[in-house]
Protein chains: 2
Amino acid sequence: MSNKLTIRHIAELANVSKATVSRVLNEYPHVRPEVREKVQKVISETGYQPNNIARLLASDRSSIIGLVISASAQMVFSDPYFPALTEAISRGAADNNLILSLFVSYTEKQGRDTLNGILAAGLFDGLIITADHKGDAFVSQLQEADIPFVFIGRPSEAEGINYVDADNVKGGYLATSHLTSLGYGRIGTIASDQNTAGDDRLAGYRSALKERGIAIEEELLAFGDYSLESGYAAMKELIPRQPEAVFVGSDTMALGALRALREAGLRVPEDIALVSHDDLPPAIQADPPLTTVQQQIATTGQMAVEKLAQIIMTGKAYPAQHIVNPVKLIVRASCGAAQLN
Amino acid sequence: MSNKLTIRHIAELANVSKATVSRVLNEYPHVRPEVREKVQKVISETGYQPNNIARLLASDRSSIIGLVISASAQMVFSDPYFPALTEAISRGAADNNLILSLFVSYTEKQGRDTLNGILAAGLFDGLIITADHKGDAFVSQLQEADIPFVFIGRPSEAEGINYVDADNVKGGYLATSHLTSLGYGRIGTIASDQNTAGDDRLAGYRSALKERGIAIEEELLAFGDYSLESGYAAMKELIPRQPEAVFVGSDTMALGALRALREAGLRVPEDIALVSHDDLPPAIQADPPLTTVQQQIATTGQMAVEKLAQIIMTGKAYPAQHIVNPVKLIVRASCGAAQLN
DNA sequence: ACGATTGTTGAAACCGGTTTCAATGAGAGT
DNA sequence: ACTCTCATTGAAACCGGTTTCAACAATCGT
């Protein structure tokens, strides 16, 4: 450490006690303005910076929060979702004067071990948890540890748990309604049952069709795991069933679907229309650019940090709050809306 | 905190002093085996976990390292490079029993502020710095603060600085030689002068051509900033000059270049061959899949953590080590090697 | 058998802050 | 003028560990 100055030195230089310096540092009352100024002058002249560790020990608060990402390696690597989220949370942490620590694990078991280590360390004021699986395994551990936490993405047992999520049901609904309103029949979907987001988007798809009185044809449902490859495989499965349009549950899977269609010699949107979900950079980079449901990941990340900060400050995690961020449809070329106009 | 147990309780339960418990915890010598066992028994029975903060304060070591990413927002979002690197470093930190904290900033000024905050906090045992710009602004600050640090990517003033980098000169050389050896003439490049990686790749390009006795035609050089859009723009600039092949300095820029070519009605590799750099997921997902130079980001991240850990342990940052990871050419469709066989 | 050495152990100081509590002094109330 | 408050301040305890140092017991050499 380069920092040899301690609160004692400042106290001596300013001719006051450590306690008074501490009061000035923490902007506590009960210090005469002139004394406060004198101390501040010494502090700024010397460039003194209080030692955080000591502060933590004494105040039992670290201002460090952890972000636990538990997802398959493939997912973390190839889907821009987690990077975007991480980045948003990083920014949110900075805005709230919190230090962000990052933990990535690839399996649920590994995630639990990581979590154990984190909880044992006792270093963190709170945690943000995000998982591509349903994440239930973590909940009991977290609750026992009595540490403030916020989920990103609804855990399947959400009761009493604070979480922030996108309005996935609405997303599936918007995407599918858009396709029905463009006049397509035989609308399929590539969904996912890996997490609640997938369930919800599928539910939205179902409700949109139901609303129009269209029966769900189970053979037009395919499933993927959010990877490009799974989107490719799912679309291959769907092609023989000749859907006119498909709602794909994520941009990345849509990229795979596009490849399958290209290989099959089918044009998008002329032969098959596509709408996907997320609106991450690949959506606009795709050929054709994807009509997709935008979820505001930045907002989600930010709200998660803010909710966590609030729990930490107030000490009140209850009543649990479920924050659902709105989504909106971004119309590009892949749905064929342009042609139909 | 749920953890009410302190070292004192353990000491009392085991009928020894705090000092002895501490010796057991830290696996220090000078404890009789039977006493050690007795203490360990109490520890495991009670589930006692030492308070890290207190430990830090007393031992002046936090086991927390910071990763500072300073890059344009666009870059962090749309290029998978940083996510891949972050993920690798996260894994490396876990392997070395270090906690990783993440800081993202978008401008050099913001980066400096962030760094100031970090250094002031005095919480970190060391830092890993990575920047899409040349990052020199940070060096003096870091050196003054006397904190262990390792750069990822060669800073332009690299003397006395520990860094880990890919062999970018070799990368540019391999890509370009591959194109010459396939018989292409008029080989252009989309380079970048934003960072030393760009400089180095360009240098490799130059040396490959020079080696074959081919004069560099300045009009076949274009520059980008690693964004897809800049690759698109650069390729548009190059098209009228009719290169037969182009070495593109990153996969993401190559994606943009592909789009420009597609819009111009040029086929890859039949009309123009492409080789890019990085071998990130988009390279294989592109149409056609990109021949590209693979840099082992995972290894780079891991080595950076290990080097940093070593500096922290030994306290010796000198002599500075420059670790250059090998690269290798991955041949796919975009270079046309398959057709030529 | 006896002093010298070595291995074990605990008391106490320490890390650098925060917080409690009692002492002090000035202003308010009568 | 004389209490009674109340704001200001510093001394000391505390947070929960690590580390130093001195005391002690056991082992060694002669």
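Note: hydrogens, waters and symmetry copies are ignored here, and every other heavy atom, side chains too, is used. Every chain is numbered from 1, with letters handed out A, B, ... down the list of sequences.
- Between B:Arg8 atom CZ and D:dC15 atom C1' the separation is 10 Å, expressed in whole Å.
- Along DNA chain C, the nucleotide nearest B:His30 and the nucleotide nearest B:Ala58 are compared for position; the residue whose nucleotide lies closer to the 5' end is B:His30.
- The stretch residues 35-44 of chain B comes close to DNA chain C through B:Val35, each having a heavy atom under 4.0 Å from the strand.
- Between the side chains of A:Thr300 and A:Asn325, at least one donor-acceptor pair of N or O atoms lies under 3.5 Å.
- Of the residues in residues 13-20 of chain B, those placing a heavy atom less than 4.0 Å from an atom of DNA chain C are B:Asn15, B:Val16, B:Ser17, B:Ala19, B:Thr20, in numerical order.
- The phosphate of D:dG16 (OP1 or OP2) has no side-chain N or O of B:Thr6 nearer than 4.0 angstrom.
- Per the geometry, CZ belonging to A:Arg32 stands 14 Å off C1' belonging to C:dG27, to the nearest Å.
- For the pair A:Glu12 CD and C:dG17 P, the interatomic distance rounds to 13 Å; values are reported in whole Å.
- In this structure, the side chain to side chain donor-acceptor pair (under 3.5 Å) partners of B:Asp113, at least two apart in sequence or on a different chain, are B:Lys109.
- Computed from coordinates, the B:Arg23 CZ to D:dG17 P distance equals 16 Å when rounded to whole Å.
- For residues 35-49 of chain A, every residue pair satisfying the salt bridge (charged side-chain N to carboxylate O under 4.0 Å, His left out) rule, not counting sequence neighbours, is listed here: A:Lys41-A:Glu45.
- Nucleic acid contact for B:Val31: sugar-phosphate only, since backbone atoms but no base atoms lie under 4.0 Å from a heavy atom of the residue.
- As a whole-Å value, the separation of A:Tyr28 OH from D:dT9 P is 17 Å.
- Atom CG of residue A:Leu308 and atom CG of residue A:Leu98 lie 7.5 Å apart, to the nearest 0.5 angstrom.
- Taking the six-membered ring for Trp and the full ring otherwise, the centers of B:Tyr163 and B:Phe149 sit at least 6.0 Å from each other.
- With sequence neighbours excluded, the residues forming a side chain to side chain donor-acceptor pair (under 3.5 Å) with A:Ser101 are B:Ser101, listed by chain and number.
- In terms of the side chain to side chain donor-acceptor pair (under 3.5 Å) criterion, residue partners of B:Ser17 (sequence neighbours excluded) are, by chain and number, B:Thr20.
- Put simply, A:Tyr48 has a side-chain N or O that comes within less than 4.0 Å of OP1 or OP2 on C:dG17.
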Run the side-chain contact (heavy atoms from CB on, under 4.5 Å) test on B:Arg55 and B:Asn26 for me, step by step, so that the C-alpha distance in whole Å, both residues' side-chain angles and the decisive distance to 0.1 Å come before the verdict.
CA-CA 11 Å; B:Arg55 199 171 225 180; B:Asn26 295 289; 3.4 Å; yes

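- For the pair A:Arg55 CZ and C:dC15 C1', the interatomic distance rounds to 16 Å; values are reported in whole Å.
- Remark: A:Glu34 CD is packed, more than 12 non-hydrogen atoms of other residues, nucleotides or ligands lying under 6.0 Å away.
- Distance CD (B:Glu34) to P (D:dA26): 12 Å, rounded to an integer number of Å.
- Note: CG (A:Asn51) to C1' (D:dC15) measures 13 Å, nearest angstrom.
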